[in-house]
Each structure stands twice: as structure tokens, then as C-alpha cells.
Number of protein chains: 2
Amino acid sequence: MDGLKNMVKERLELHGIKPSMQRMAVMEYLMTHRTHPTAEMIFADLYPHMPTLSKATVYNTLNLLVERGVVRLITIEEKNARFDACMDPHIHFRCRDCGAILDVDVEAHWVPAMPEGVTVEMSETYCIGSCAECNSQKVN
Amino acid sequence: MDGLKNMVKERLELHGIKPSMQRMAVMEYLMTHRTHPTAEMIFADLYPHMPTLSKATVYNTLNLLVERGVVRLITIEEKNARFDACMDPHIHFRCRDCGAILDVDVEAHWVPAMPEGVTVEMSETYCIGSCAECNSQKVN
DNA sequence: AAACAAAAATAGAATAATTCTAAAAATGGA
DNA sequence: TCCATTTTTAGAATTATTCTATTTTTGTTT
């Protein structure tokens with residue numbers, strides 16, 4: 001019936017995470033919202049539908065998901081951690097003017113040559129500048 | 001006489017920053033400590049030699065330096081902002097085991113093709129994994 | 001040198017994201 | 001049903017950073 005919920009469940013189980021209601025809700029949120037939300041945003045949006053949800057659970061779940069490699073932790077902003085369920089190769093761009101965080105697709109992520117003995121588990125590239133919309137408002 | 005202090009002063013003035021004692025101290029610290037320190041570390045190390053130094057001044061100075069493009073803000077760690085006075089192209093590697101943050105030299109930094117209209121001011125690449133030393137302790 | 005304005009530094013309070021703690025609830029056998 | 005384990009929960013605690021209001025420093029004009 002509900003294919004999405006099944007995908008969510010499978011994705012959790014595939015990584016050895018027991019699919020509780022709360023974990024499914026957080027995971028489903030991330031899979032359906034490609035907005036790189038903060039923990040706070042996720043909590044604020046889920047809370048009305050799950051009045052017993054605790055902020056600690058959202059943090060616990062996100063930490064677990066990141067640990068198990070189910071979602072990406074994005075540290076492009078100094079203040080807030082942001083999360084991304086899309087694991088396809090892409091990088092993140094932050095607009096200094098409007099604050100938006102955009103995905104930029106790349107064929108494969110760049111991993112520079114590392115010194116002998118170093119092993120790389122993951123790598124992230126962050127670009128910062130001005131988005132097309134903000135740029136267009138600057139010209140006259 | 002003291003070539004270092006002159007270099008520090010010049011580098012600040014070049015970016016339109018008035019070289020006060022405190023700013024010089026922070027800038028010199030960053031130029032002589034390639035450890036990607038946190039604001040806290042800088043304060044802790046400078047304080048014994050400058051007992052009137054305030055933590056707010058360290059934060060103010062670091063923010064100013066980053067704004068003016070004199071130093072790099074590194075967000076490779078979730079908790080603490082880290083700072084780097086080296087502006088030559090290089091990327092950062094964090095060891096998940098020992099926490100060290102290492103520089104990795106690259107010829108030029110990768111900036112992926114951006115969507116039409118987007119302008120990029122800066123980009124950072126972070127790699128996370130295990131450093132050579134930690135890896136060597138794992139094998140048996 | 002005195003007076004003044006502007007810039008910078010300071011101490012400590014305030015803020016806010018995240019983690020911790022201890023208790024309650026849910027889950028899954030035996 | 002009983003029990004052990006896992007998960008969730010609320011709120012307190014922690015902590016990096018920013019804010020506020022005051023003081024100090026700096027530079028300029030007389």
C-alpha cells in the first residue's frame with residue numbers, strides 16, 4: 001500500500017536500525033524534505049502530528065542516522081547542524097545573502113590524494129557565494 | 001627587527017584592519033600555530049601573556065578576520081569553529097579516532113560547475129576518516 | 001597639553017543548540 | 001504474565017557564541 005513508508009522502513013533496517021514510530025517519522029521527513037533541515041525544523045514540523053514527540057528523540061535519532069551512515073550531517077553553517085537523506089554524490093552551496101542551501105550535482109565527489117596511511121570514510125565540499133536569484137536582484 | 005610582527009601588522013593593514021595589540025596577538029597566534037585552533041584555545045594560550053584580554057575580543061577579532069578574508073573559518077567539527085591563517089589552497093582532514101585536524105595540500109581547490117547565475121566566493125572540502133598513526137595502531 | 005569624538009576592548013549576562021540524566025513507556029521474548 | 005532490554009521522554013545542564021552596557025584607548029582639533 002504505502003510504498004514510501006516501506007522504503008523508509010527498509011532503509012532503516014538495512015542499516016540495523018529498529019524502525020520505531022519516531023525514527024520512521026524523522027527518516028520519512030528527511031526523505032520527503034530536501035531542504036537540509038535543522039533538528040529544530042524537523043521537530044517543529046513533526047510535533048503537531050506527534051504531540052508526545054520529544055526534542056531529545058529527534059536529536060537521538062539524527063545522531064544514530066548519521067553514525068550508521070543513513071544520512072549526511074552538513075556543517076556548512078556555523079550555528080546549526082543540517083541533515084540530508086540524499087546520499088547520491090552532490091555538494092552543497094550556501095547563499096550568503098538569502099541563506100538558502102542548495103544541492104549541486106556532481107558526477108563524483110572529489111577526494112584529493114591523501115598522505116600515506118590515511119583512510120577516508122567520507123568527504124564533503126561546501127561552496128559559499130550568491131545564488132542566481134540574489135545575484136539577479138543586485139544588477140540594475 | 002622583529003620580522004614576524006611586521007608581517008602580522010602588514011597583513012592586517014592590507015585588509016583594512018587597524019592593528020591593535022589584541023588583533024596583532026590573535027593574528028600572530030594563528031600565523032604561528034598551524035593547529036586550526038578554536039577561539040577558546042587561542043584565548044587560553046594568550047591570556048597568561050595578556051591578563052586583560054577578554055574572550056569577547058578574541059571572538060570579535062576572529063569574526064572580523066573571517067569577514068575580511070584574512071583567515072579561514074573551518075566548520076569541520078560540529079561543536080567548535082576552528083580557524084586557519086593559511087590561505088594557500090589546501091583541504092582539511094579530521095581523524096575520527098584522535099580528533100586531529102590535518103592539512104592536505106592540493107594543487108588547486110575543486111569548485112564544481114555551478115548552476116547559471118550562481119557566483120562562488122569560497123569553497124572548502126572536508127575529509128573525515130582515520131589518520132596514519134591511528135590506522136597503524138589498529139592492525140595487529 | 002586639553003577636550004572631544006570615534007573605535008576598540010572588556011566583563012559578565014543572555015542566548016541557543018545540543019547533550020545529559022533519570023524516570024517512564026514500549027517491545028519482545030521465555 | 002514476568003522480566004530484561006531498548007526506546008522515548010521532559011526537563012535540567014552544558015557550552016560555544018553573541019549581546020549589552022561600560023570603560024579604555026586612539027586620534028584629531030584646538
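Below, read A as the first sequence line, B as the second, and so on, with proteins coming before strands; counting in each chain starts at 1.
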Are Glu40(A) and Lys55(A) within salt-bridge range, i.e. N to O under 4.0 Å?
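Salt bridge between Glu40(A) and Lys55(A), a charged N being under 4.0 Å from a carboxylate O: yes.
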
Are Arg94(A) and Glu77(A) within salt-bridge range, i.e. N to O under 4.0 Å?
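Answer for the salt bridge query: no.
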
Opening and closing nucleotides of DNA chain D in contact with chain B, under 4.0 Å to non-hydrogen atoms:
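Nucleotide range with atoms under 4.0 Å of chain B: dA16(D) to dC19(D).
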
I want to know whether Tyr126(A) and Tyr126(B) have ring centres closer than 6.0 Å.
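That pair passes the under 6.0 Å test.
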
Do His90(A) and Asp84(A) get their side chains close enough for a donor-acceptor pair, meaning under 3.5 Å?
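Yes, Asp84(A) and His90(A) have a side-chain donor paired with an acceptor closer than 3.5 Å.
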
Just checking, any donor-acceptor pair under 3.5 angstrom between side chains of Lys79(A) and Thr38(A)?
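There is no such pair between these side chains.
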
Which listed nucleotide (dA17(C), dA9(C), dT19(C)) is nearest to the side chain of Lys79(B)?
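Among the listed nucleotides, the one closest to the side chain of Lys79(B) is dT19(C).
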
Closest non-hydrogen atom pair between Ala39(A) and Leu62(A), with its separation:
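For Ala39(A) versus Leu62(A), the nearest heavy atoms are CB-CD1, 3.6 Å.
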
Rounded distance (Å) that lies between atom [atom2] of [N] and atom [atom1] of [X]:
X: Phe43(A); N: dA17(C); atom1: CZ; atom2: C1'; value: 14 Å
X: Leu64(A); N: dT18(C); atom1: CG; atom2: P; value: 17 Å
X: Ile42(A); N: dA17(C); atom1: CD1; atom2: C1'; value: 14 Å
X: Phe83(A); N: dA17(C); atom1: CZ; atom2: P; value: 13 Å
X: Leu62(A); N: dT18(C); atom1: CG; atom2: C1'; value: 11 Å
X: Glu67(A); N: dT19(C); atom1: CD; atom2: C1'; value: 13 Å
X: Tyr47(B); N: dA11(C); atom1: OH; atom2: C1'; value: 11 Å
X: Gln22(B); N: dA11(C); atom1: CD; atom2: P; value: 10 Å

Closer than 4.0 Å, any side-chain N/O of Thr57(B) to the OP1 or OP2 of dT10(C)?
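For dT10(C), OP1 or OP2 has a side-chain N or O of Thr57(B) closer than 4.0 Å.
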
Please tell me which of Thr38(B) and Lys55(A) maps to the more 5' nucleotide of DNA chain D, matching each residue to the nucleotide holding its nearest heavy atom.
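Nearer the 5' end of the strand: Lys55(A).
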
Going by heavy atoms in the side chains, are [X] and [Y] under 4.5 Å from each other?
X: Glu28(B); Y: His33(B); result: no
X: Ile17(A); Y: Leu65(A); result: yes
X: Ser123(A); Y: Ile128(B); result: no

Take Leu53(B) and Asn63(A), find for each the nucleotide of DNA chain C with the closest heavy atom, and name the residue whose nucleotide sits nearer the 5' end.
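Per heavy-atom nearest nucleotide, the more 5' residue is Leu53(B).
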
Are there any protein N/O atoms within less than 3.5 Å of an N/O atom in nucleotides 21-28 of chain C, and if so, which ones and at what distance?
none

